[in-house]
Amino acid sequence: MEDSWRKLKRDCERCEACELCRGRHNLVFADGNEEAKIMFVGEGPGEQEDLQGRPFVGPAGKLLDLMLELIDLDRTKVYIANIVKCRPPHNRDPLPAEQEACSPFLARQIALVRPRIIVCLGRIAAQGIMKADLRITREHGVWYEHDGCMYMATYHPSALLRDESKRPEAFEDLVKLRQQIREMCPEVYD
Ligand code: URA
């Protein structure tokens with residue numbers, strides 16, 4: 001049977017495939033435009049996201065909004081989701097089993113949005129989506145093509161908050177992203 005947003009959101013709300021659902025205040029499904037050509041994928045909800053039920057609304061989210069603004073994007077032009085939809089306790093990395101349990105939901109989100117470009121924010125997202133052994137320090141800003149979709153990893157905004165010395169490299173990644181958007185989907189900037 002064909003998937004739909006309604007079905008996917010309902011399946012996600014009901015999910016008890018891992019322990020993370022027990023500690024959550026809210027499921028953090030996604031934000032942005034379901035018809036976007038560009039998708040960003042983070043790791044998992046933090047405290048504010050868990051309380052508000054929206055991804056990237058805490059300090060890292062404020063920085064992500066600024067990063068989008070730098071290349072003339074905002075949440076109306078992109079779709080934002082996470083590898084796991086429920087907050088891991090104390091913001092620890094989601095366990096491999098938790099990522100695995102949640103991965104069908106992200107796959108269904110990607111299948112419904114059908115983005116042309118996917119940007120992985122940080123190691124967890126990049127390793128989950130792009131390549132299990134991806135090294136973010138070496139491979140950020142590098143494009144990979146798969147089934148007509150372009151994938152790039154960049155630093156997670158939380159990493160940029162912790163270590164400002166990474167910001168120039170992240171900026172270069174954003175410039176590459178803007179260039180790729182101009183080539184693949186120029187209508188985004190119309
Ligand atoms: N960090 C993430 O990876 N995702 C969020 O939604 C918030 C912070």
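Counting starts at 1 for both ligands and their atoms, in listed order.
The two residues Leu8 and Asp3 have their closest heavy-atom pair at N-OD1, 4.1 Å.
Salt bridge Glu13/Arg10: absent, no basic N to carboxylate O contact under 4.0 Å.
Atom CD1 of Ile118 is separated from atom CD1 of Ile129 by 6.0 Å, given to the nearest 0.5 angstrom. For the atom pair OG1 of Thr137 and CZ of Arg123, the computed distance is 11.0 Å after rounding to the nearest 0.5 Å.
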- [ ] Give the C-alpha distance, both sets of side-chain angles, the deciding distance and a yes or no for side chain to side chain donor-acceptor pair (under 3.5 Å) between Lys9 and Gln109.
- [x] CA-CA 10 Å; Lys9 286 173 190 170; Gln109 286 173 302; over 6 Å; no

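A centroid separation of less than 6.0 Å is found between the aromatic rings of Tyr79 and Trp5.
A distance limit of 4.0 angstrom between heavy atoms and ligand 1 selects the residues Gly42, Glu43, Gly44, Glu49, Pro55, Phe56, Asn82, His156.
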